[in-house]
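Structure record follows, encoded as structure tokens.
Just the heavy atoms: all of them, side chains too, but no hydrogens, waters or symmetry mates, feed the values below.
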Amino acid sequence: MTALPASGREWHLAARPHGWPKAGDVALREAPVTEPGEGRILVRNKHFSVDPYMRGRMNDVKSYTPPFKLDHPMDGGAVGEVVASNADGFAVGDHVLHGLGWREYAQVPARFAVKVDASLAPLSAYLGVLGMPGLTAYAGLFEVASFKEGDAVFVSGAAGAVGSQVGQLARIKGASRVIGSAGSDDKVKLLVEEYGFDAAFNYKSGGSVKEQLKEAAPDGIDVYFDNVGGEHLEAAISSFNLHGRATICGMISLYNSTEAAPAPRNLAQVIGKRLRLQGMLVGDHQALQPQFVKDVAGWLASGELKYRETSVEGIENGFDAFLGLLRGENTGKMIVTLN
């Protein structure tokens, strides 16, 4: 077996951000690499994920997932290769998915690692289309929003890892119309020409979200998948047909706000339209995992489902990748690829 390195680099949270995270809030530090303890494996990470929810974990507030600890490595989804094993069922050379990202080497309790097959899909796909974002899209559309054939579906943040999959799944399952919003003309073009959305608009130009949505969905919408919040949620409420359903998955427009955001000004419409607005956490829907993998793998193989990734090379650029994600610079899943 190849000798292990003495140390590896990992990103630590150095301070709690106020508003937008800045360079001084994090630190890239060296940490010793040691043989794995009993029931553990040592993984050399090949890719790790940066996701919008991680911004909330930088704050010291009670939430559905614990905050990152100061002067400790941050964590998140990662895939890599086992380089040492002290656990039954895992051998050197196996590829695994686990939750200790933001670092080059991770000592992972074997019970928290899942083997993945690099011959079925690129390893990075297990962080996106076949991973947590993909299951979020699948569960959020089919289970939370109770999608049914013939629904008109609106997705915000539609060029991201979750949103792009939501729109395509709705199309595959017979939506009457799929509309997406994105932050650039190139992303709008991608949604229509590659992902098969019926209409899309650039929320940063061309007028208010409310008016652009009404133009794109003249007969209203039945389902809204919310990744953005704020003005987008208000626009969706305005365009909802009777008994519309919204999956509230993310509110990236508010994550770096330093003041409380105003609620949608048209919430009273929820009553007359009998709307259902439901928050979701993907961890509540793990029972769908087998069906999700079966369905999505089939749609990938048939070419019905497409995906994009934005890969940033080098652990030293991990924090910049995270900031780029928050600014919307990614198309599809944002991934940090380690050398």
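Ser302 places a side-chain N or O within 3.5 Å of a backbone atom of Trp299 that can act as its donor or acceptor partner. One N or O on the side chain of Gln107 and one on the backbone of Gly37 form a donor-acceptor pair closer than 3.5 Å. The backbone N or O of Asn317 sits nowhere less than 3.5 Å from a side-chain atom of Asp320 that would complete a donor-acceptor pair. Under the 3.5 Å distance criterion, the side-chain polar atoms of Ser164 are left unmatched by any main-chain donor or acceptor of Ala159. Between the Asn202 side chain and the Lys204 main chain, a donor and an acceptor come within less than 3.5 Å of each other. Between the side chain of Gln212 and the main chain of Gly207, a donor-acceptor pair closer than 3.5 Å is present. In this structure a side-chain-to-backbone donor-acceptor pair under 3.5 Å is missing from Lys273 to Gly244. Remark: side-chain polar atoms of Arg103 are paired, donor with acceptor, to backbone N or O of Met74 under 3.5 angstrom. Here the side chain of Asn45 pairs a donor or acceptor atom with the backbone of Leu100 at under 3.5 angstrom. At least one donor-acceptor pair under 3.5 Å links the side chain of Lys187 to the backbone N or O of Asn330.
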Take Arg265 and Glu234, measure what salt bridge (Lys or Arg N to Asp or Glu O under 4.0 Å) needs, and give me the verdict at the end.
CA-CA 7 Å; Arg265 295 164 294 181; Glu234 186 171 302; 2.7 Å; yes
Could you walk me through whether Phe225 and Val144 pass side-chain contact (heavy atoms from CB on, under 4.5 Å), step by step?
CA-CA 10 Å; Phe225 198 104; Val144 180; over 6 Å; no
Any chance you could lay out the side-chain contact (heavy atoms from CB on, under 4.5 Å) test for Val92 and Val83, step after step, and finish with the verdict?
CA-CA 5 Å; Val92 171; Val83 294; 5.5 Å; no
Applying side-chain contact (heavy atoms from CB on, under 4.5 Å) to Leu338 and Val336, what does each step give before you reach the verdict?
CA-CA 6 Å; Leu338 306 187; Val336 179; 4.1 Å; yes
For Arg171 and Glu304: C-alpha separation, side-chain torsions, deciding distance, then whether salt bridge (Lys or Arg N to Asp or Glu O under 4.0 Å) applies.
CA-CA 9 Å; Arg171 172 181 53 76; Glu304 293 175 273; over 6 Å; no
Report the C-alpha distance between Phe112 and His98 in whole Å, list the side-chain angles of each, state the deciding distance to 0.1 Å, and finish with yes or no for side-chain contact (heavy atoms from CB on, under 4.5 Å).
CA-CA 6 Å; Phe112 295 136; His98 62 90; 5.9 Å; no
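Ring-plane geometry between Phe142 and Tyr138 is classed as perpendicular, the angle between the planes exceeding 60 degrees on a 0 to 90 degree scale with a lower cut at 30. The aromatic rings of His232 and Phe154 lie parallel to each other, their planes meeting at an angle below 30°, with 60° marking the opposite boundary.
Other residues, nucleotides and ligands contribute at most 12 non-hydrogen atoms within 6.0 Å of the NE2 atom of His18. The local environment of NZ in Lys214 is crowded, with over 12 non-hydrogen atoms from other residues, nucleotides or ligands closer than 6.0 Å. In this structure, Glu313 places its CD atom where more than 12 heavy-atom neighbours from other residues, nucleotides or ligands lie under 6.0 Å away. More than 12 heavy atoms of other residues, nucleotides or ligands sit less than 6.0 Å from atom CZ of Arg274.
Here the CZ-CG distance, from Phe90 to Leu42, works out to 13.5 Å after rounding to the nearest 0.5 Å. Atoms CG and OG1, on Leu277 and Thr247 in that order, are 10.0 Å from each other to the nearest 0.5 Å. Asp60 contributes atom CG, which lies 11.5 Å from atom NZ of Lys69 (distance to the nearest 0.5 angstrom). Here the CG atom belonging to Asn241 is positioned 8.0 Å from the CG atom belonging to Asp219, to the nearest 0.5 angstrom. To the nearest 0.5 Å, atoms NE2 (His47) and CD (Glu309) are separated by 8.0 Å. Note: Ser85 OG to Asp94 CG = 8.0 Å, rounded to the nearest 0.5 Å.
Under the 4.5 Å side-chain heavy-atom criterion for ILVMFWY residues, no single connected hydrophobic cluster contains both Trp102 and Val96. Hydrophobic cluster membership is shared by Met132 and Leu97, with clusters built from Ile, Leu, Val, Met, Phe, Trp and Tyr side chains linked at under 4.5 angstrom. Hydrophobic clustering (side-chain heavy atoms under 4.5 Å, transitive across Ile, Leu, Val, Met, Phe, Trp, Tyr) keeps Leu190 apart from Val188. Note: the hydrophobic cluster containing Val192 does not contain Leu305 (ILVMFWY, side chain heavy atoms under 4.5 Å, direct or indirect links). Both Trp20 and Trp11 belong to a common hydrophobic cluster when Ile, Leu, Val, Met, Phe, Trp and Tyr are linked at side-chain heavy-atom distances under 4.5 angstrom.
For the residue pair Ser184/Asp186, the side-chain donor-acceptor check at 3.5 Å is not satisfied.
Minimum heavy-atom separation, Ala139 to Met280: CB-CE, 4.3 Å. Closest non-hydrogen pair, Ala137 versus Val166, comes out as CB-CG2, 3.5 Å. The shortest heavy-atom contact between Pro21 and Phe322 is CG-CE2, 4.3 Å. The two residues Gly180 and Phe197 come nearest to each other via the heavy atoms N-CD2, 3.5 Å. Closest of all the heavy-atom pairs between Ser311 and Thr337 is OG-OG1, 2.7 Å. Nearest heavy atom pair, residue Gly8 against residue Val33, reads N-CG2, 3.6 Å.
Side-chain contact between Met251 and Val228: absent, with no pair of heavy atoms (C-beta onward) separated by less than 4.5 Å. At a threshold of 4.5 Å between non-hydrogen side-chain atoms, the residues Asp222 and Val153 do not count as touching. Two residues are said to be in side-chain contact when any heavy atoms from C-beta on lie closer than 4.5 Å; Phe201 and Glu215 fail this criterion. Between Val114 and Tyr126, every side-chain heavy-atom pair lies at or beyond the 4.5 Å cut-off. Side chains of Gln165 and Val129 form a contact here, defined as non-hydrogen atoms less than 4.5 Å apart. Considering only heavy atoms from C-beta on, Glu329 stays 4.5 Å or farther from Thr310 through its side chain. Contact of the His95 side chain with the Val82 side chain is not registered, since no non-hydrogen atoms from C-beta on lie closer than 4.5 Å. Contact of the Leu13 side chain with the Pro73 side chain is not registered, since no non-hydrogen atoms from C-beta on lie closer than 4.5 Å.
Residues in residues 146-159 take part in these side-chain hydrogen bond (donor to acceptor under 3.5 Å, both in side chains) pairs, two or more places apart or across chains: Ser146-Arg276, Lys148-Asp151, Asp151-Arg245, Ser156-Tyr224, Ser156-Asp226.
Between Glu231 and Lys210 no salt bridge is recorded (no basic side-chain N to carboxylate O distance below 4.0 Å). For Asp75 and Arg57, the salt-bridge test passes: some basic side-chain N is under 4.0 Å from an acidic carboxylate O. Salt bridge annotation for Asp25-Lys22: present, with a cationic side-chain nitrogen under 4.0 angstrom from a carboxylate oxygen. Remark: Arg44 does not engage Glu104 in a salt bridge, criterion side-chain N to carboxylate O under 4.0 Å. Between Glu194 and Arg308 there is a salt bridge, since at least one side-chain N of the basic residue sits less than 4.0 Å from a carboxylate O of the acidic one.
In this structure, Asn339 has no side-chain hydrogen bond (donor to acceptor under 3.5 Å, both in side chains) partners at least two apart in sequence or on a different chain.
At least one test fails for Lys333 against the ring of Tyr307: distance under 6.0 Å to the centre or angle within 45° of the axis.
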